[in-house]
> 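Just passing along the structure, written as structure tokens.
Order of the sequence lines fixes the chain letters, A, B, ..., with proteins taken first and strands second; residue numbering starts at 1 for each chain. Below, all heavy atoms of this structure are taken into account, side chains as well, without hydrogens, waters or symmetry copies.
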Amino acid sequence: MGGARTALFNWLLARREGGTFVLRIEDTDRERSSDDMVEAILDGIRWLGLDWDEGPYFQGEGAERHRSDALRLLFEGKAFRDFVSADELAAIRAEDPDRALRYPRERAELLGSTESDARAANGEPFAIRFLVPPGETAWEDRVYGSVRFRNEEIEDLVILRSDGTPTYNLAVVSDDAAMQITHVLRGEDHVSNTPKQILLHEALGNQVPDFGHLPMILGPDGKRLSKRHGATALGEYQGKGILPVAMVNFLALLGWSPGTDEEVLTVPGLVERFSLERVLRKSSVFDSTKLEWLNGRHLAVMPADELMLLVMEQLPAELRDEAEHRDRSDPGWVVRLIDLLKVRARTVGEIGEQATPFLRDALSYDPAAVAKHWGKDPTGAIAHLRALREALAPTEWTEESLETGLRGLAESLGVGAGKLIHPLRVALTGQAASPGIFEVMVLLGADATLSRIDLAIQIVKGLETNVLDTPLQRGLP
RNA sequence: GCCCCCAUCGUCUAGCGGCCUAGGACACCACCCUCUCAAGGUGGCGGCACGGGUUCGAAUCCCGUUGGGGGUGCCA
């Protein structure tokens with residue numbers, strides 16, 4: 001999620017300022033990156049709609065260039081060979097962190113260049129460390145403002161491992177120069193890498209890019225967002241039916257705000273308003289409830305036909321077939337269904353769930369709804385359902401005339417319309433809540449409506465004879 | 001341990017010395033609308049971490065305390 005936010009801000013900056021968004025996969029760590037992980041990253045970025053102008057480049061492919069940069073620094077005396085084993089240094093570090101900081105350098109100085117050359121020629125393994133110069137390293141961070149580090153606090157970082165592979169900090173510097181990167185926007189966890197990279201750029205004679213650091217995203221417990229917090233990867237939200245535009249909108253609002261009360265923003269709206277100056281330095285908590293609310297807002301304004309494919313994806317195969325079938329015989333039917341449901345759903349997944357009663361004749365009746373609207377007065381419910389069936393059967397099947405018919409019936413029976421509507425809703429959807437009852441009837445059509453009422457009458461009869469016996473237990477649909 | 005950063009309602013945030021008896025949004029509660037559920041409308045609950053300064057005047061500036069985060073790798 002943090003990576004997605006970083007990608008988004010980079011993209012927003014590039015689009016806002018007419019820049020070039022370059023995608024580079026930093027896979028310098030041999031063991032810890034796989035094709036699957038790369039695909040997941042690419043999929044996520046694509047899903048969000050963050051189109052890149054260059055790349056994807058893979059850092060691993062530049063290893064030769066990285067290596068020659070490291071060697072150059074070594075020959076120029078800006079780096080040195082380190083024959084100290086990683087284990088030995090680690091032991092010192094555990095005991096005395098201050099001593100460990102300059103230990104490799106001191107050992108190298110003690111060794112002397114002649115001896116160092118000899119041991120290297122002898123095939124002894126060594127790492128190459130950058131010789132951090134004295135002084136101070138400062139930069140004007142695009143988010144943090146002016147930042148400075150005393151070089152004496154920066155260790156002589158390894159730039160080439162003893163196995164000859166480059167490390168991240170060297171690779172980044174080498175690549176940024178090679179790709180003419182002008183702006184580096186990344187997580188706050190990289191601030192302490194920045195002086196190292198600036199120093200390397202200067203040693204290599206590169207133009208130093210602008211840096212900006214983004215605050216972290218935390219879980220609800222205030223700890224860094226991780227797997228423990230449930231859904232933390234984009235794919236999981238995609239699966240639930242969160243819209244990319246909602247995710248982008250939400251992520252943009254984490255650590256940034258337009259400075260106005262506007263919250264529901266489109267992607268072009270975000271591009272138009274985005275600026276680094278308004279990025280906060282404070283980490284923020286990922287609140288998935290607000291994400292879902294935002295998604296609901298975007299859902300509500302999205303045309304139903306654009307939602308159709310997404311809803312279809314959320315449906316089980318059987319229901320999807322049914323939906324396709326209905327739509328073929330009655331073009332636009334699915335769009336009308338989605339139009340009815342989208343305003344009461346927060347995710348596309350919820351639309352799918354709510355669509356079920358419309359796509360499957362075998363309803364599953366919600367026990368609470370049955371108890372409330374049928375069970376309390378089975379005899380009355382039967383009478384009402386029968387009356388409704390008779391009154392509605394000959395009616396012209398439009399919302400208007402169905403409403404006239406039903407309200408007329410209620411009046412002639414001397415009951416409130418709700419007395420008819422509630423049992424009817426259970427009969428038609430199995431639920432206590434649904435879209436407007438007349439819209440439901442029109443969408444279902446006369447045949448399905450009437451047969452569902454018939455079936456309901458049979459079920460309620462069962463309730464009448466034995467109120468303790470639920471229809472589900474008796475094997476009724 | 002050492003270095004760096006941060007600190008406004010539970011959460012996301014507006015605020016950049018007087019416009020603030022601190023504004024908006026999510027969540028929560030109530031009411032309205034209403035055939036239910038949503039949506040929408042109205043209202044409510046709720047916050048400047050603490051202590052010192054500076055100033056005629058501090059949420060806003062300075063210092064300290066506390067709390068949180070990041071870094072401290074032959075990880076990225």
> Could you tell me whether A:Glu153 contacts a base, only the sugar-phosphate backbone, or nothing, with contacts defined as non-hydrogen atoms closer than 4.0 Å?
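Sugar-phosphate contact only.
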
> Any base atoms under 4.0 Å from A:Asp98, or only sugar-phosphate, or nothing? Heavy atoms, all strands.
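No contact at all - A:Asp98 keeps every heavy atom at 4.0 Å or more from the nucleic acid.
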
> If you look at every strand shown and take non-hydrogen atoms under 4.0 Å, does A:His190 touch a base, only sugar-phosphate, or nothing?
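Counting heavy atoms under 4.0 Å across all strands, the contact made by A:His190 includes a base.
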
> Pairing check on B:C31: which nucleotide meets the Watson-Crick or G-U wobble criteria with it, both distances under 3.5 Å?
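Partner of B:C31: B:G41.
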
> Is A:Gly255 touching bases, backbone alone, or none of the nucleic acid, heavy atoms closer than 4.0 Å?
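The answer is sugar-phosphate, as A:Gly255 gets under 4.0 Å only of primed atoms, P, OP1 or OP2.
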
> Answer yes or no: side-chain N or O of A:Arg281 and base N or O of B:C6 forming a donor-acceptor pair under 3.5 Å.
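For A:Arg281, whose side chain was compared with the base of B:C6, there is no donor-acceptor pair (under 3.5 Å).
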
> Starting the side chain at C-beta, find the nucleotide from B:C12, B:C74, B:C4 nearest to A:Leu254.
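In terms of side-chain proximity for A:Leu254, the closest of B:C12, B:C74, B:C4 is B:C12.
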
> Checking side-chain polar atoms at under 3.5 Å, does A:Asn295 have a donor or acceptor matched by the opposite partner on A:Thr347?
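There is no such pair (donor and acceptor under 3.5 Å, judged by atom type) between the side chains of A:Asn295 and A:Thr347.
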
> Determine, using ring centers only, whether A:Phe80 and A:Phe130 are less than 6.0 Å apart.
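For A:Phe130 and A:Phe80, the ring centres are not under 6.0 Å apart.
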
> After noting the C-alpha distance and the side-chain angles of A:Glu262 and A:Thr260, does the key distance pass the side chain to side chain donor-acceptor pair (under 3.5 Å) rule?
CA-CA 5 Å; A:Glu262 303 166 291; A:Thr260 64; 2.7 Å; yes

> Counting only Watson-Crick pairs (N1-N3 plus N6-O4 or O6-N4) and G-U wobbles (N1-O2, O6-N3), all under 3.5 Å, who is the partner of B:C20?
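B:C20 is unpaired by these criteria.
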
> Check every strand shown and say whether A:Ser434 touches a base, only sugar-phosphate, or nothing at a heavy-atom separation below 4.0 Å.
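It contacts base atoms.
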
> Side-chain N or O of A:Arg148 less than 4.0 angstrom from OP1 or OP2 on B:C3?
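Checking A:Arg148 against B:C3: no side-chain N or O falls below 4.0 Å of OP1 or OP2.
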
> Taking OP1 and OP2 of B:C35, is either one under 4.0 Å from a side-chain nitrogen or oxygen of A:Arg407?
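It does, given that an N or O in the side chain of A:Arg407 lies less than 4.0 Å from OP1 or OP2 of B:C35.
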
> If the cut-off is 4.0 Å, is A:Arg346 near the phosphate of B:C37, judged by side-chain N/O to OP1 or OP2?
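Negative; the distance criterion is not met.
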
> Side chain of A:Leu280 only, heavy atoms from C-beta on: which candidate in B:C74, B:U36, B:U13 is closest?
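Side chain of A:Leu280 sits closest to B:U13.
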
> Show your working on side chain to side chain donor-acceptor pair (under 3.5 Å) between A:Ser257 and A:Arg273 and close with a plain yes or no.
CA-CA 9 Å; A:Ser257 88; A:Arg273 291 166 180 74; over 6 Å; no

> Does A:Ser288 reach the main-chain N or O of A:Leu291 with its side chain, forming a donor-acceptor pair under 3.5 Å?
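Such a contact is absent between A:Ser288 side chain and A:Leu291 backbone.
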
> Base, sugar-phosphate or nothing for A:Leu160? Non-hydrogen atoms, less than 4.0 Å.
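Result for A:Leu160 = nothing.
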
> Can you tell me which residue among A:Arg129, A:Arg105, A:Arg81 is in a salt bridge (Lys or Arg N to Asp or Glu O under 4.0 Å) with A:Asp156?
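When salt bridge (Lys or Arg N to Asp or Glu O under 4.0 Å) is applied between A:Asp156 and each of A:Arg129, A:Arg105, A:Arg81, only A:Arg105 qualifies.
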
> Take atom C1' in B:G51 and the same atom in B:U72, then report the distance between them in whole Å.
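It comes out at 31 Å once rounded to the nearest Å.
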
> When all nucleic acid strands are considered with a 4.0 Å heavy-atom cut-off, which category describes A:Tyr144: base, sugar-phosphate, or nothing?
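Result for A:Tyr144 = sugar-phosphate.
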
> Picking from B:A14, B:C26, B:G71, which would you name as closest to the side chain of A:Arg224?
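Side chain of A:Arg224 sits closest to B:G71.
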
> Please determine, for B:A25, whether a Watson-Crick or G-U wobble partner exists with both distances under 3.5 Å, and give it or none.
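B:U11 - that is the nucleotide pairing with B:A25, both distances being under 3.5 Å.
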
> Is A:Gln354 touching bases, backbone alone, or none of the nucleic acid, heavy atoms closer than 4.0 Å?
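No contact.
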
> Need one value for A:Ala127: base, sugar-phosphate or nothing, where a base atom within 4.0 Å counts as base even if backbone is also close, heavy atoms only.
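Base: the residue A:Ala127, judged by heavy atoms under 4.0 Å, touches a nucleobase.
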
> Does A:Arg142 make a cation-pi contact with A:Phe211 (under 6.0 Å, within 45 degrees of the axis)?
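The answer is no, since A:Arg142 fails at least one limit relative to A:Phe211.
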
> At under 4.0 Å, does any side-chain N or O of A:Thr165 touch on OP1 or OP2 of B:C74?
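Answer no for this pair, as no side-chain N or O of A:Thr165 is under 4.0 Å from OP1 or OP2.
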
> Over how many whole Å does the gap from A:Arg24 atom CZ to B:A76 atom C1' extend?
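Rounded to the whole Å, the gap is 12 Å.
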
> Measuring only the P atom in each nucleotide, how far is B:C16 from B:C62? A whole number of Å is fine.
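Roughly 16 Å separates the two P atoms.
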
> Please check the phosphate of B:A14 (OP1 and OP2 only) for any side-chain N or O of A:Arg278 closer than 4.0 Å.
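Looking at the OP1 and OP2 atoms of B:A14, one of them is under 4.0 Å from a side-chain N or O of A:Arg278.
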
> How far does the C1' atom of B:U11 sit from the matching atom of B:A27, given to the nearest Å?
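Roughly 8 Å separates the two C1' atoms.
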
> Taking only side-chain nitrogens and oxygens of A:Arg93, does any of them come within less than 4.0 Å of OP1 or OP2 of B:C2?
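So the side chain of A:Arg93 is outside the cut-off, no N or O lying under 4.0 Å from OP1 or OP2 of B:C2.
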
> Can you tell me whether the side chain of A:Asp27 and the base of B:A76 have a donor-acceptor pair closer than 3.5 Å?
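No, no donor-acceptor pair under 3.5 Å.
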
> Identify whether NZ of Lys or CZ of Arg in A:Arg281 sits under 6.0 Å from the centre of the six-membered ring of A:Tyr144 and within 45° of that ring's axis.
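Yes, A:Arg281 sits over the ring of A:Tyr144.
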
> Grab the N/O contacts between the protein and nucleotides 58-63 of chain B below 3.5 Å, and write none if there aren't any.
none

> In whole Å, measure the gap between the C1' atoms of B:G15 and B:C48 for me.
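Each nucleotide's C1' atom is 10 Å from the other's.
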
> Less than 4.0 Å between a side-chain N and a carboxylate O, is that true for A:Arg386 and A:Glu390?
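Salt bridge flag = no for A:Arg386 with A:Glu390.
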
> Considering only the P atoms, how many Å lie between B:C20 and B:U65, rounded to the nearest integer?
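The same atom, P, in both gives a distance of 35 Å.
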
> Just checking, any donor-acceptor pair under 3.5 angstrom between side chains of A:Thr429 and A:Arg425?
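Not at all, the side chains of A:Thr429 and A:Arg425 share no donor-acceptor pair under 3.5 Å.
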
> Classify A:Arg186 by what it touches in the nucleic acid, base, sugar-phosphate, or nothing, heavy-atom distance under 4.0 Å.
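Nothing, no heavy atom under 4.0 Å.
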
> Just checking A:Ser162: base, sugar-phosphate only, or nothing, at a heavy-atom cut-off of under 4.0 Å?
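Answer is base: heavy atoms of A:Ser162 come under 4.0 Å of a base.
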
> Heavy atoms from C-beta onward define the side chain here; which of B:G71, B:C75, B:A27 lies closest to that of A:Arg161?
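Within the option list, the nearest is B:C75.
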
> Counting any heavy atom closer than 4.0 Å, what does A:Ile437 reach on the DNA or RNA strands: base, sugar-phosphate only, or nothing?
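Since a base atom lies under 4.0 Å of A:Ile437, the category is base.
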
> When you compare B:C31 with B:C9, how far apart are their P atoms, in angstrom units rounded to a whole number?
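After rounding to an integer number of Å, I get 29 Å for this pair.
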
> Checking only heavy atoms, does the side chain of A:Lys290 share a donor-acceptor pair with the base of B:A27 at less than 3.5 Å?
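Not at all, since no donor on one side and acceptor on the other fall under 3.5 Å apart.
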
> Is A:Lys282 near enough to B:U8 that one of its side-chain N or O atoms lies under 4.0 angstrom from OP1 or OP2?
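Result: yes.
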
> Please determine, for B:G73, whether a Watson-Crick or G-U wobble partner exists with both distances under 3.5 Å, and give it or none.
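Across all strands, not a single nucleotide pairs with B:G73.
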
> With heavy atoms under 4.0 Å as the rule, sort A:Gly418 into base, sugar-phosphate or nothing.
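Nothing, no heavy atom under 4.0 Å.
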
> Select one nucleotide: of B:U13, B:G70, B:A25, the one nearest the side-chain heavy atoms of A:Glu188.
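Selected nucleotide: B:G70.
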
> When rounded to the nearest Å, what value does the distance between C1' atoms of B:C32 and B:G24 take?
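Comparing C1' positions in B:C32 and B:G24 gives a spacing of 22 Å.
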
> Run the salt-bridge test on A:Arg148 and A:Glu136 with the 4.0 Å N-O cut-off and return the result as yes or no.
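Judged by the 4.0 Å cut-off on N to carboxylate O distance, A:Arg148 and A:Glu136 do form a salt bridge.
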
> Regarding A:Val440, tell me which of base, sugar-phosphate or nothing describes its non-hydrogen contacts under 4.0 Å with the strands shown.
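Contact class for A:Val440: none.
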
